[in-house]
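Working notes, beginning with the structure itself.
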Protein chains: 2
Amino acid sequence: MARAASTKGNTRIQRQKTRQILDAALEVFSTYGFRGSTIDQIAAQAGLSKPNILYYFDGKEAIHRVLLDRLLHTWLEPLEHLGESDNPVDEICAYVTRKLEMSRDYPRESRLFANEILQGAPNIIAELQGPLKSLTDEKCRLIQSWIDAGKIAPLDPHHLIFSIWSTTQHYADFDVQVQAVLGHAGEDRFTAAQTHLDHLFRGMLTPRLDHDV
Amino acid sequence: MARAASTKGNTRIQRQKTRQILDAALEVFSTYGFRGSTIDQIAAQAGLSKPNILYYFDGKEAIHRVLLDRLLHTWLEPLEHLGESDNPVDEICAYVTRKLEMSRDYPRESRLFANEILQGAPNIIAELQGPLKSLTDEKCRLIQSWIDAGKIAPLDPHHLIFSIWSTTQHYADFDVQVQAVLGHAGEDRFTAAQTHLDHLFRGMLTPRLDHDV
DNA sequence: AAAATTCTTGACCGAATGGTCAGGGTGCAT
DNA sequence: ATGCACCCTGACCATTCGGTCAAGAATTTT
């Protein structure tokens with residue numbers, strides 16, 4: 001009985017072809033979004049025939065679902081690592097650096113996520129309201145405790161996290177624009193970005209004495 | 001002779017229908033991207049028949065092009081207003097506020113832009129490398145002069161602008177995620193965001209005495 | 001090496017999509 | 001009210017798209 005369905009990587013060939021297809025699909029979906037992508041595009045990208053793609057996956061949507069599932073796991077991980085520390089400013093900056101590295105190393109995943117959110121997150125809205133919200137709320141309580149202890153400047157934890165997400169992912173999602181504006185001088189743009197973001201968040205997080213209230 | 005082509009708003013009806021179509025198209029394109037949108041969707045959204053849409057525009061691509069043209073003009077405007085000031089910190093923060101207001105008031109335009117960039121900016125790459133780069137470079141020189149005068153903290157002007165763009169547009173492009181994470185408590189999320197971003201950039205821009213080099 | 005299983009594809013199908021066109025309807029100036 | 005330019009649409013067309021299937025090729029098992 002065929003119908004390999006989702007990720008049943010039993011045989012050698014199954015494992016290889018499944019990975020091959022998912023990699024091609026990530027490339028295509030992250031660029032054109034779900035509705036803008038075609039199975040033929042994925043097949044061409046993977047160097048396989050269309051029916052062959054559909055031999056391993058139960059359809060376009062099934063491929064997309066697998067990619068999104070993997071994505072969410074990868075995406076939440078860095079935030080999970082945000083934990084207690086003697087130096088909260090360094091701890092948060094390390095998170096910023098980690099997120100920026102992910103934008104550099106996994107830009108396609110970042111764009112896939114961006115595409116899904118842009119389109120109203122039809123397939124991951126539940127995960128956003130569930131696991132993502134829970135994890136975020138938890139980390140926000142941690143950040144709030146740092147604020148209460150006077151270890152970092154007082155600011156809204158949720159919006160701080162939004163700022164971290166947006167500034168770091170920008171270098172993956174808007175890479176074309178970044179390159180266009182920086183011109184060819186932007187060779188080491190990730191190094192420059194890292195320095196900049198470290199300054200930005202360090203400057204904002206470090207508590208000030210000239211602050212009343 | 002028919003073939004109204006692009007924006008030939010001569011008669012009353014032409015003006016009204018053209019606007020109606022562009023509004024509907026903005027709604028659809030900003031959600032599904034160019035390739036993921038169909039003329040039928042735009043027609044349904046506009047309350048018109050498909051052939052009627054094609055009576056006013058020479059095709060799906062023509063509509064998209066008009067929207068992008070208008071967008072770029074709107075998009076560059078706030079940055080153009082960044083100018084000399086006795087208080088550069090306030091000047092930049094005013095720009096941040098202006099950009100955030102645009103995310104609130106024109107989220108569809110923001111998402112249309114994001115979609116285009118995500119897909120590699122096939123239709124506006126020239127504008128990015130031309131007008132956008134020129135304007136950005138010019139404003140970066142202005143910012144650099146403020147830095148040299150010691151009026152704001154030393155940091156990379158280009159990446160500062162990227163941070164402003166990303167943090168503000170995040171509230172339009174990733175609105176679904178923001179809402180999911182904040183829950184129903186996010187009623188006045190734009191007010192909260194405004195306060196937060198003002199803190200963020202003020203904290204970063206204000207020169208510090210405890211800074212060597 | 002033969003049998004059983006897994007893998008691959010050309011040909012095909014129904015639905016959706018971008019776009020056309022002839023003909024009829026509508027608004028407007030005279 | 002009538003002529004004319006402008007406006008609108010049902011029907012239609014070619015192509016693309018997601019997906020199926022039978023039959024053959026490759027691989028593994030016995």
Side-chain angles (χ1 to χ4, degrees), chain A residues 1-29 31-68 119 122-123, chain B residues 1-29 31-68 119 122-123:
Chain A
M1 202 163 286
R3 258 327 69 97
S6 53
T7 327
K8 268 186 90 180
N10 291 327
T11 74
R12 175 182 56 89
I13 293 180
Q14 272 170 29
R15 266 190 298 275
Q16 199 225 310
K17 290 293 165 66
T18 299
R19 185 190 294 196
Q20 204 173 328
I21 293 168
L22 287 174
D23 188 73
L26 176 59
E27 188 73 31
V28 176
F29 281 139
T31 302
Y32 299 106
F34 178 74
R35 297 202 36 177
S37 303
T38 72
I39 301 181
D40 292 271
Q41 277 178 294
I42 297 171
Q45 179 73 33
L48 300 173
S49 70
K50 183 167 65 168
N52 205 359
I53 300 277
L54 292 166
Y55 172 75
Y56 289 102
F57 289 91
D58 284 339
K60 183 179 162 183
E61 216 176 310
I63 305 176
H64 194 239
R65 214 175 308 130
V66 172
L67 285 176
L68 283 182
Q119 301 184 9
N123 296 299
Chain B
M1 202 166 286
R3 254 334 65 99
S6 53
T7 328
K8 269 186 93 179
N10 291 327
T11 74
R12 175 181 56 88
I13 293 181
Q14 272 171 28
R15 266 190 298 275
Q16 199 224 311
K17 290 294 165 66
T18 299
R19 184 190 294 196
Q20 204 172 329
I21 293 168
L22 287 175
D23 189 73
L26 176 59
E27 187 74 32
V28 175
F29 281 139
T31 302
Y32 299 106
F34 178 73
R35 298 202 35 177
S37 302
T38 71
I39 300 181
D40 292 271
Q41 278 178 294
I42 298 171
Q45 179 72 33
L48 300 172
S49 69
K50 184 168 64 168
N52 204 1
I53 301 277
L54 292 165
Y55 173 76
Y56 289 102
F57 289 91
D58 284 339
K60 183 179 163 182
E61 217 177 309
I63 305 176
H64 194 238
R65 214 175 309 131
V66 172
L67 284 176
L68 283 182
Q119 301 184 9
N123 297 298

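Side-chain atoms are counted along with the backbone in the values below, which use heavy atoms only and exclude waters and symmetry mates. Since this is a predicted model, take the numbers as computed values, not measurements. Just so we're on the same page: letters track the sequence lines, and every chain starts at 1.
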The criterion is side-chain contact (heavy atoms from CB on, under 4.5 Å); which residues satisfy it with [X], sequence neighbours excluded?
X        : answer
Lys17(A) : Ile13(A), Gln20(A), Leu48(A), Tyr56(A)
Ala43(A) : Ile53(A)
Gln45(B) : Ala24(B), Glu27(B), Val28(B)
Thr38(A) : Asp40(A), Gln41(A), Arg35(B)

Quickly work out the [X] [atom1] to [N] [atom2] distance and round it to whole Å.
X        : N       : atom1 : atom2 : value
Tyr56(B) : dC6(D)  : OH    : P     : 11 Å
Phe57(B) : dG18(C) : CZ    : P     : 16 Å
Gln16(B) : dC8(D)  : CD    : P     : 9 Å

Inset, instruction - Go through the structure and list residues passing side chain to side chain donor-acceptor pair (under 3.5 Å) with Asn52(A), not counting sequence neighbours. - result: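 Not a single residue meets the side chain to side chain donor-acceptor pair (under 3.5 Å) criterion with Asn52(A).
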Inset, instruction - Please report the closest heavy-atom contact between Leu22(A) and Leu67(A), naming both atoms and the distance. - result: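 Reported closest heavy-atom pair: O-CD2, 3.7 Å.
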Inset, instruction - Look at Gln14(B) and dC7(D) and indicate whether a side-chain polar atom (N or O) is within less than 4.0 Å of OP1 or OP2. - result: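 The answer is yes; a side-chain N or O of Gln14(B) sits under 4.0 Å from OP1 or OP2.
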Inset, instruction - Would you check if Phe34(A) and Asn123(A) make a side-chain contact, meaning some heavy-atom pair closer than 4.5 Å? - result: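 No, side chains not in contact.
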Legend entry - ring pair (Phe, Tyr, Trp, His ring centres under 6.0 Å) against Tyr32(A), all qualifying residues, sequence neighbours excluded: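 Not a single residue meets the ring pair (Phe, Tyr, Trp, His ring centres under 6.0 Å) criterion with Tyr32(A).
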Enumerate all atom pairs, one protein N or O and one N or O from nucleotides 24-30 of chain C, separated by less than 3.5 Å.
residue: dC28(C); atom: OP1; partner: Arg12(B); partner atom: NH2; Å: 3.2

Distances under 3.5 Å between nitrogen or oxygen atoms of protein and nucleotides 9-19 of chain D:
residue: dT9(D); atom: OP2; partner: Ser49(B); partner atom: OG; Å: 2.9
residue: dT9(D); atom: OP2; partner: Asn52(B); partner atom: ND2; Å: 3.4
residue: dG18(D); atom: OP1; partner: Ser37(A); partner atom: O; Å: 3.2
residue: dG18(D); atom: OP1; partner: Lys60(A); partner atom: NZ; Å: 3.0
residue: dG18(D); atom: OP2; partner: Ile39(A); partner atom: N; Å: 2.9
residue: dG18(D); atom: N7; partner: Lys50(A); partner atom: NZ; Å: 3.1
residue: dG19(D); atom: OP2; partner: Lys60(A); partner atom: N; Å: 2.8
residue: dG19(D); atom: O6; partner: Lys50(A); partner atom: NZ; Å: 3.2

